[in-house]
Amino acid sequence: MDYNFWEIEPKWQQYWEEHQTFKTGNDFSKPKYYILDMFPYPSGAGLHVGHPEGYTATDIVSRYKRMKGFNVLHPMGWDAFGLPAEQYAMQTGTHPAITTRNNCDTFRRQIKSLGLSYDWSREINTTDPGYYKWTQWIFTRLYNTWYDKELKKGRPVSELPIPDAIRAQGEKAVRDYIAGKRLAYYDNAQVWWCPSCRTVCANEEVLTDGSHEKCGHPVNRKNLKQWLLRIPHYSERLLEGLDTLDWPEGVKDMQRNWIGKSSGAEVDFPLQGMDEILRVYTTRPDTLFGATYMVVSPEHPMLEKLVTPEFRETVAAYSRAASLKSDLDRTELAKEKTGVFTGTYALNPVTGLPIPVWVADYVLMGYGTGAIMAVPAHDTRDFEFAKKFGIPVVCILDPLKAEPGLREQVLAGDACWTEDGAYIRSANPVKGIDINGLNKEKGIATINQWLEDHGLGKATTNYKLRDWLFSRQRYWGEPFPVIHWEDGEITLDESLPVVLPELDVFEPGEGGESPLSNAREWLSVTGPDGRKGRRETNTMPQWAGSCWYYLRFIDPRNEEKIFDPQLEQYWMPVDLYIGGAEHAVLHLLYSRFWHKVLFDLGIVSTDEPFFKLFNQGMILAFAYETAMGAKVSSDLVEDREGRFFHKETGDELRQIVAKMSKSLKNVINPDDVVKQYGADSLRLYEMFMGPLDERKPWAENGVKGVFNFLNRAHRFFADVSNVAGETEDPETEKLLHKTIHRVSQEIENLKFNTAISFLMVFNNHVMKKGKVTKSTAETFARILSPFAPHLAEELWSLYGNRNTLAYEPWPEVNQELLKEDTVEYPVSFNGKMRFKLELPAALSVSEVEEAVIACEKTGKYLEGKAIKKIIVVPKKIINVVIS
RNA sequence: GCCCGGGUGGCGGAAUUGGUAGACGCGCUGGACUCAAAAUCCAGUGAUAGCAAUAUCGUGCGGGUUCGAUUCCCGCCUCGGGCACCA
């Protein structure tokens, strides 16, 4: 009988749908397991083979956990706001809502064709007003929250203490004061602007090369009134939380780097001839004796005061030039340092010597105090600058570990040294400070103490994390529930949802006007007092909807509340979250931030949303290139026994691994694979390709390989004449239990490739043996079911079972059967394996030694040499050391 | 430049993190069945030498520790990802 997957698969999919097999159970006495996929953006291209990779992995774990007796929450939904639908609307006039609905329908059909065990009754869509009502509601919470630095938590603004001095200035002052504390605020911001998309974007969305993550066009700076979220308040909390999570270390590191904590000190430098100080931030206060000049950023507020009349013009010109440069020019391209002298001198607080204050754009206003002390001998940037402008380089740290030649150069101020060493020229008896001879660690501690004692500075911490720019000049996004009144007051619109109005024109204005400013009727509001107002026309970024969707899955149809708190307490946190690594600092940082705010407000019960995170590796494809490195489209490649040739030129080509791309004609459509080999084959292959977290190339022959396995399993197990054994063969029984053990273990460790190989080994074994008992066949169907659920259900029903096996108990391992009576010891001589020796497992070490010596094969390898030592690792190896 | 991952047969990848390197799958070779092919089944398959038993070499490169290293240490090469004038 054929492996008729084309009949089996739709049949079982229909069964599951009709019986609501995967509707989440409401037996809350069971242990829960919440397993989540990063929900997709439903693009017009349909499902990519990368999607089923993560989805199959979570599906295997979900099915396994159900059989293990867990109450499993495994939902799916659509992150459906976003640019492509809007751009498509601009080109074709089709409303984004229609495009989105069609794309979701396609995705849903495709996902359902894979037999994934989602609870579809919980499907959510971020563009549904019933959903974004609560996205808006969370925004209102953010708006009404301030961060209490003492308690290290967010609190309602109603609890914000207002200083008397502010209160005395009247209502507007109080309002401004509160606005200055809110986690969501509206302000003028130097923002990244993408001229191609005509919208602003967040720091996190700008790539290293200065291009927009979404479209690839270069971005520039613009000054606009925008909504921002004060995520930096949560820097420390976001950092600390990472230590409690079972996440890939790489992702944690990326978040740590992004938050960018650094410890250092703020130091005050008195300005010569002025009653002012210039405050700097440095991570190397220990090098204070080597500070030979200072630099302020061109945007520094004190710059005006610092400039002496004779330098006014050059400094003004420099600042103007700097302001016109994009950040890209100021970083990437500006290998060469630039800067000008302000005419002012500051006094080095430890030496008392005057040092010049310069302005240069390599110092950024957004970090630290926007001013630095420069120590050219021990900082490469300062060294470069000092050499260019002829500023003295004073070495104050003897590089003991440097090579002799380099050490001489450093000591002479001709080279820069940033490592540890011993301080020299770092004492001033007049000031009562001496760190000569100390190392870096002690030097920093000593100087910090001295600075604090003298009121000249103190140890501080800095973070790179900046306010999160939270508004976009887009139509297809969540409207802000905000009204700007004619008198300048901003209030929330509490009647949620604020529904996105219908529009025919989606074009954003070149100057930054949002498309919603065309929605005239929707736009204007009149208050009860007759006051006129205008709605916020920006919309929220795509991250908003995905920041909290995992919470809505818990109680997706609740119209009264964001969710039932009791359900939240039961289901949270997410136990396993699988998705791509591209979200390491965007979605995953934003979500954690929102979640912590909600936690502080008592809305959620856990401090972190995702307990375990796992990143699936990207699925790539084979591609071909010529000797010169030119890529060749796959349809022009001929495979001749493992070597590849260009069909037209006949040149031999090199096989490489690259991203799937339309131009290389190597994109795989999951629908085609399902049609040709079935969903179980697609699932199995994606899991069998290699470790889940690694990038790996798609190979058609690999699909055939697993398809072949399913064929063989079907041929054997679907033939009931094979399932007729009375009692099980002991060898088969042993292997069966070993297989259950290994498969269970590998599922727990998310190592599905090896789990599948164990199933193959078992199948190969029984096919050779010829017959198994019904019990063995049923057990095999159960352990196969997480991977190939359609075939497993089919076999299960063939054996006379009426119900789905989705909730059958996972087979127990009989530990007795895992024990071996004998061990086949590899015997090696001086580490080289020579032969194998089967011995009873119960033998003691000395008995094993005796058996080895007694073995006749041993004599052959001794050849008159003496045994120095015999190493026996019980049940592993024997190594005979000979002279 | 800095921070993370990788590098194992012709290919995808295994190896209980110090104990038989190459499980499983693909591909290839030979055989059975067939008029023939496909499908299926059986056997073989890291390299070199040998009819063979067997021997030598072999996990990116060079050292080291160890009875024993894909695994640990030191120094490199290389591919991928992230960050980057953050003082």
Side-chain angles (χ1 to χ4, degrees), chain A residues 207-208 248-254 256-258 260-262 264 280-284 287 295 297 327 330-332 334-335 337 360-364 366-375 379-382 384-385 462-466 581-582 584-585 615 617-618 620 622 639 641-643 655 657 684-685 688-691 693-706 708-709 711-712 715 742 745 751 753-761 763-764 767-768 824-836 868-873 875-882:
Chain A
L207 303 180
T208 310
E249 277 309 314
V251 175
K252 289 194 195 181
D253 273 341
M254 277 172 70
R256 287 190 189 109
N257 289 338
W258 193 263
K261 181 178 181 169
S262 87
V280 302
Y281 173 73
T282 176
T283 53
R284 295 294 304 273
T287 59
V295 186
S297 134
D327 271 31
R330 280 178 66 164
T331 59
E332 198 70 13
K335 298 276 186 238
K337 297 266 182 295
D361 63 9
Y362 80 91
V363 173
L364 310 172
Y367 187 79
T369 61
I372 62 158
M373 65 176 210
V375 185
D379 180 286
T380 49
R381 295 154 300 186
D382 298 345
E384 217 179 292
F385 191 88
N462 255 299
Y463 301 89
K464 289 189 210 169
L465 193 61
R466 307 291 158 78
E582 67 273 19
V585 283
N615 291 128
M618 201 188 296
L620 306 168
F622 286 118
D639 179 347
E641 300 192 353
R643 289 171 74 192
Q655 189 182 54
V657 170
L684 220 52
Y685 176 61
F688 188 63
M689 291 173 86
D693 54 352
E694 250 155 62
R695 27 172 43 213
K696 46 216 173 261
W698 184 274
E700 170 95 17
N701 278 334
V703 190
K704 284 186 194 157
V706 293
N708 203 14
F709 160 66
N711 261 298
R712 285 161 58 83
R715 197 180 311 136
R742 298 304 295 270
Q745 203 177 315
K751 291 170 76 175
N753 52 334
T754 45
I756 292 166
S757 77
F758 292 126
L759 291 169
M760 288 172 167
V761 169
N763 191 55
N764 290 342
M767 286 189 89
K768 277 203 175 118
E824 195 177 41
Y825 277 105
V827 181
S828 38
F829 291 82
N830 285 348
K832 276 189 178 151
M833 210 284 284
R834 294 304 181 183
F835 61 88
K836 286 173 189 168
K868 282 167 82 176
K869 196 159 65 164
I870 299 181
I871 289 156
V872 176
V873 182
K875 293 176 188 169
K876 287 240 168 99
I877 197 172
I878 298 163
N879 189 19
V880 184
V881 187
I882 53 180

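Since the model is a prediction, treat every value here as computed from it, not as a measurement. Throughout, protein chains are lettered first and strands after them, A, B, ... in sequence-line order, and every chain is numbered starting at 1.
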How is [X] classified with respect to the nucleic acid when contacts are heavy atoms under 4.0 Å: base, sugar-phosphate, or nothing?
{"X": "A/R695", "value": "sugar-phosphate"}
{"X": "A/N708", "value": "sugar-phosphate"}
{"X": "A/G260", "value": "nothing"}
{"X": "A/N753", "value": "sugar-phosphate"}
{"X": "A/N764", "value": "sugar-phosphate"}
{"X": "A/K464", "value": "base"}
{"X": "A/V761", "value": "sugar-phosphate"}
{"X": "A/K832", "value": "sugar-phosphate"}
{"X": "A/P248", "value": "nothing"}
{"X": "A/K261", "value": "nothing"}

[X] side-chain proximity, nearest of [options]:
{"X": "A/T283", "options": "B/A87, B/C41, B/C67", "answer": "B/A87"}
{"X": "A/P697", "options": "B/C24, B/C85, B/G13", "answer": "B/G13"}
{"X": "A/S757", "options": "B/C24, B/A87, B/C83", "answer": "B/C24"}
{"X": "A/K869", "options": "B/A15, B/U56, B/C67", "answer": "B/C67"}
{"X": "A/M254", "options": "B/U20, B/A15, B/G82", "answer": "B/G82"}
{"X": "A/V881", "options": "B/G13, B/C67, B/C3", "answer": "B/C67"}
{"X": "A/Y281", "options": "B/A14, B/A87, B/C42", "answer": "B/A87"}
{"X": "A/R715", "options": "B/C41, B/G25, B/C26", "answer": "B/C41"}
{"X": "A/R712", "options": "B/U56, B/A15, B/C41", "answer": "B/C41"}
{"X": "A/I871", "options": "B/C67, B/C24, B/U56", "answer": "B/C67"}

In whole Å, measure the gap between the [atom1] atoms of [N] and [M] for me.
{"N": "B/C73", "M": "B/C3", "atom1": "P", "value": "16 Å"}
{"N": "B/G50", "M": "B/C57", "atom1": "C1'", "value": "16 Å"}
{"N": "B/G6", "M": "B/C42", "atom1": "C1'", "value": "39 Å"}
{"N": "B/G7", "M": "B/G12", "atom1": "P", "value": "12 Å"}
{"N": "B/U59", "M": "B/A47", "atom1": "P", "value": "15 Å"}
{"N": "B/U45", "M": "B/C11", "atom1": "C1'", "value": "14 Å"}
{"N": "B/G64", "M": "B/A69", "atom1": "C1'", "value": "11 Å"}
{"N": "B/G18", "M": "B/C28", "atom1": "P", "value": "39 Å"}

Measure from [atom1] on [X] to [atom2] on [N] and round the result to the nearest Å.
{"X": "A/N257", "N": "B/C83", "atom1": "CG", "atom2": "P", "value": "10 Å"}
{"X": "A/K252", "N": "B/C3", "atom1": "NZ", "atom2": "P", "value": "19 Å"}
{"X": "A/E694", "N": "B/U8", "atom1": "CD", "atom2": "C1'", "value": "12 Å"}
{"X": "A/R742", "N": "B/U16", "atom1": "CZ", "atom2": "P", "value": "9 Å"}
{"X": "A/N830", "N": "B/A55", "atom1": "CG", "atom2": "P", "value": "14 Å"}
{"X": "A/N701", "N": "B/G12", "atom1": "CG", "atom2": "P", "value": "13 Å"}
{"X": "A/K696", "N": "B/G80", "atom1": "NZ", "atom2": "P", "value": "18 Å"}
{"X": "A/I372", "N": "B/C85", "atom1": "CD1", "atom2": "C1'", "value": "9 Å"}

With a 4.0 Å limit, can you tell me whether A/Y825 has a side-chain N or O closer than that to the phosphate oxygens OP1/OP2 of B/U20?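 Checking A/Y825 against B/U20: no side-chain N or O falls below 4.0 Å of OP1 or OP2.
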Residue-phosphate contact under 4.0 Å: A/R834 side-chain N/O, B/G68 OP1/OP2: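 It does not, given that no N or O in the side chain of A/R834 lies less than 4.0 Å from OP1 or OP2 of B/G68.
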Go through the steps for A/R742 and A/K751 under the test side chain to side chain contact (heavy atoms under 4.5 Å, CB included), then give the verdict. CA-CA 10 Å; A/R742 298 304 295 270; A/K751 291 170 76 175; over 6 Å; no
A/V585 vs A/N711, nearer the 5' end of RNA chain B by closest nucleotide: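 The 5'-side residue here is A/N711.
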Report the residue (A/N879 or A/F758) whose heavy-atom-nearest nucleotide on RNA chain B is the more 5′ of the two.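 Mapping each residue to its closest nucleotide by heavy atoms, the 5'-most match is A/F758.
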If a pair satisfies salt bridge (charged side-chain N to carboxylate O under 4.0 Å, His left out) and one of its residues is in residues 693-703 of chain A, list it, with sequence neighbours excluded.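 Applying salt bridge (charged side-chain N to carboxylate O under 4.0 Å, His left out) to every pair that reaches into residues 693-703 of chain A, excluding sequence neighbours, yields A/E53-A/K696.
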Does the B/C85 base have a donor-acceptor partner in the side chain of A/K337 within less than 3.5 Å?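 When only heavy-atom distances are counted, A/K337 does reach the base of B/C85 through a donor-acceptor pair under 3.5 Å.
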Could you check A/M618 against A/E582 for side chain to side chain contact (heavy atoms under 4.5 Å, CB included), going step by step and ending with a plain yes or no? CA-CA 10 Å; A/M618 201 188 296; A/E582 67 273 19; over 6 Å; no
Can you tell if the side chain of A/N879 reaches within under 4.5 Å of the side chain of A/I870, non-hydrogen atoms only?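 Not in contact.
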Are any non-hydrogen side-chain atoms of A/E384 and A/T380 less than 4.5 angstrom apart?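 In short, these two side chains do not touch, never coming nearer than 4.5 Å.
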Would A/K337 count as a cation-pi partner of A/Y362, with NZ or CZ less than 6.0 Å from the six-membered ring centre and within 45° of the ring normal?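 Pair A/K337/A/Y362 counts as cation-pi.
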Spacing of A/Y825 atom OH and A/M833 atom CE [to the nearest 0.5 Å]: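 Atom-to-atom, A/Y825:OH and A/M833:CE are 15.0 Å apart.
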Taking atom CG of A/N764 and atom CG of A/L759, what is their separation to the nearest 0.5 Å?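 CG of A/L759 is found 11.0 Å from CG of A/N764.
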With syn defined as a glycosidic angle within 90° of 0 and anti as the rest, where does B/G50 land?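 Classified anti.
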Using atom types as modelled and distance alone, determine if a side-chain donor or acceptor of A/D379 lies under 3.5 Å from a backbone N or O of A/A374.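 Not confirmed, A/D379 side chain does not pair with A/A374 backbone.
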Could you spell out the base pairing of RNA chain B as a dot-bracket line? Use Watson-Crick and G-U wobble contacts where both distances are under 3.5 Å, [ ] for crossing pairs, | for partners on a different strand. (((((((..(((......[....)))((((((.......))))))((((....))))..(((((..]....))))))))))))....
Side chain to side chain contact (heavy atoms under 4.5 Å, CB included) evaluation trace for A/T282 with A/V375: CA-CA 10 Å; A/T282 176; A/V375 185; over 6 Å; no
If you apply the rule side chain to side chain contact (heavy atoms under 4.5 Å, CB included), what do you find for A/Y685 with A/F709, and how did you get there? CA-CA 10 Å; A/Y685 176 61; A/F709 160 66; over 6 Å; no
